[in-house]
Amino acid sequence: MLDVQLLRKDLDNVAQRLQTRGFEFEVDRYSDLDEKRKVLQVETQELRNERNTGSKAIGQAKARGENVDTLLEKVNELGAVLKSKEQELSVVQERLQDLVTTVPNVPHHSVPIGKDETENTEIRKWGDKPSFDFAVTDHVDLGQRLGGMDFDAATHITGARFVVLQGELARLHRALTQFMLDLHTAEHGYEETYVPYLVNPDSLFGTGQLPKFADDQFVTRDEGWFLIPTAEVPVTNLVRDQIVEAEDLPIKRVAHTPCFRREAGSYGKDTRGMIRQHQFEKVELVQIVHPEHSYEALEELTGHAETVLQRLRLHYRVVSLCTGDLGFSSAKTYDLEVWVPSQNQYREISSCSNFEGFQARRMRARFRQSGSKSNEPVHTLNGSGLAVGRTLVAVMENYQQQDGSIVVPEVLVPYMRNKTVLGIEQ
RNA sequence: GGAGAGGUGGCAGAGUGGUCGAAUGCGGCGGUCUUGAAAACCGUUGAUCCUAGCGGAUCCGGGGGUUCGAAUCCCUCCCUCUCCGCCA
């Protein structure tokens, strides 16, 4: 949710910046509603004040044993007017709420202007593309040959966009998860956290998936709970409706969870393999920080995600999403894109965002600062560190050998019972 | 799933129709005393919104109702706890 103070102060500028991400803010409709709201709110407050004093007077008069008929009559009349004003006000407030909660975040000044992903800016590259002196195989064929990746079985059990992993590949998948968790807890200062994978609508609203993106979520029939599309939702909502002490910031959490996405709008996209699934594992980094430090934190957090790829010695690049490609809640996002040899292109493997106070205002997540009377919204950030399924794909393809075996990245060897190659009997 | 109890400020806990945003205790903060600390004592201490300000409004789990007036009465939903059942 945008800062209402900012909307009042700088409406045109906000609308202009929203336009750069392709969003038309209904400026006139908003000002109109807000003007009405202001008038009605003042009116109802004054009426209530009158009624309250009147009611109080009745109580006092009764206590003295006086006749209260005329007083009663007067207050009664007030009540009717008040009721109708209150109804008007609540209609206006509801409309305002509907309008404001569907407006995306304002892009940060440093975000490149552009209409879609073709205009994202490459910030830096790490490592080199691997060269192969044989024709590369994609992870689907590699996995099938190793006998560890079975899409048909998953289709049989559930449907399209699922996979069954088994044997060495299943272990490699777990090794990646373990390695990431160890790295972020031991070296980057994150606290390991396990959270519910089903959340209520308030939590999804808090991080911005509701009300606009209900169709992207899986939902339980009887309870109306949602399967989490990312750990961002339950982990960030740890501070919903909380006032944290300034000295407790930053809060840094890492969580390993499955993620569930309906992928409703992506029919025909990435239908082959593990790139786009209804269910995948992710290690997620979340930071709750003081507003003054959120952009430093974004660089730091992005670096933490990059470290995973560097330790795995996987070639990647960092891209700054342009205004038109930003997610709904984000003010600035870096995507990490890993090299996928079979596709001869970079594919997103992590997305690191600063939401500034956008989610915090939706969640009423504030911090208390000594010397300051009012409590301010915190800033929230998150990033994948990393998407495990896609990392598995990257490792398989980048570490493949001509005979279809896969070299285990050095940092994963201890997690693989010291096995150094998968697919060849040792 | 069945039976019962309950949801009040950071925490504990009083409050069953009127001056209650709410006693009291603990905790927190400031002070007195002390070389310092503890103890004791004194003071202070919820959130949100409107307003340039004075000030005002709202909030006792959520929503609705009764009433001139609701923390208090009624309806409904949610949640927590205890016992029983089931269960990794």
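Bear in mind that the values here come from a model prediction, so they are computed numbers and not experimental data. Chain letters run A, B, ... following the sequence lines, proteins first, then strands; residues in each count from 1.
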Nucleotide nearest [X] when distance is taken to its side chain, options [options]:
| X | options | answer |
| --- | --- | --- |
| A/Lys62 | B/G69, B/C50, B/G18 | B/G18 |
| A/Ile58 | B/G18, B/A57, B/C49 | B/G18 |
| A/Ser55 | B/G18, B/C50, B/U48 | B/G18 |
| A/Arg37 | B/A47, B/C50, B/U19 | B/C50 |
| A/Ile243 | B/C49, B/C68, B/A47 | B/A47 |
| A/Arg51 | B/C68, B/A47, B/U19 | B/C68 |

OP1, OP2 of [N] versus side-chain N and O of [X]: anything below 4.0 Å?
| X | N | value |
| --- | --- | --- |
| A/Asn49 | B/U58 | no |
| A/Arg48 | B/G69 | no |
| A/Lys38 | B/U51 | yes |

(request) Using a cut-off of strictly less than 4.0 Å between a heavy atom of the residue and any atom of RNA chain B, enumerate the qualifying residues of residues 75-96 of chain A by number. (result)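 Close to the strand are A/Val75, A/Asn76, A/Lys83.
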(message) Do A/Arg362 and A/Phe205 form a cation-pi contact, if we require the NZ or CZ to be under 6.0 Å from the six-membered ring centre and within 45 degrees of the ring's axis?
(response)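 Yes; both conditions hold, so A/Arg362 lies above the ring face of A/Phe205.
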(message) I need the CZ-C1' distance between A/Arg8 and B/A52, as an integer number of Å.
(response)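 One finds 15 Å between C1' of B/A52 and CZ of A/Arg8, rounded.
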(request) Identify the heavy atoms of A/Val103 and A/Phe25 that sit nearest to each other, and give their distance. (result)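 Here A/Val103 and A/Phe25 meet closest at CG2-CE1, 3.3 Å.
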(message) Please report the interatomic distance CG(A/Asp215) to CZ(A/Arg262), rounded to the nearest 0.5 Å.
(response)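 Answer rounded to 0.5 Å: 6.0 Å.
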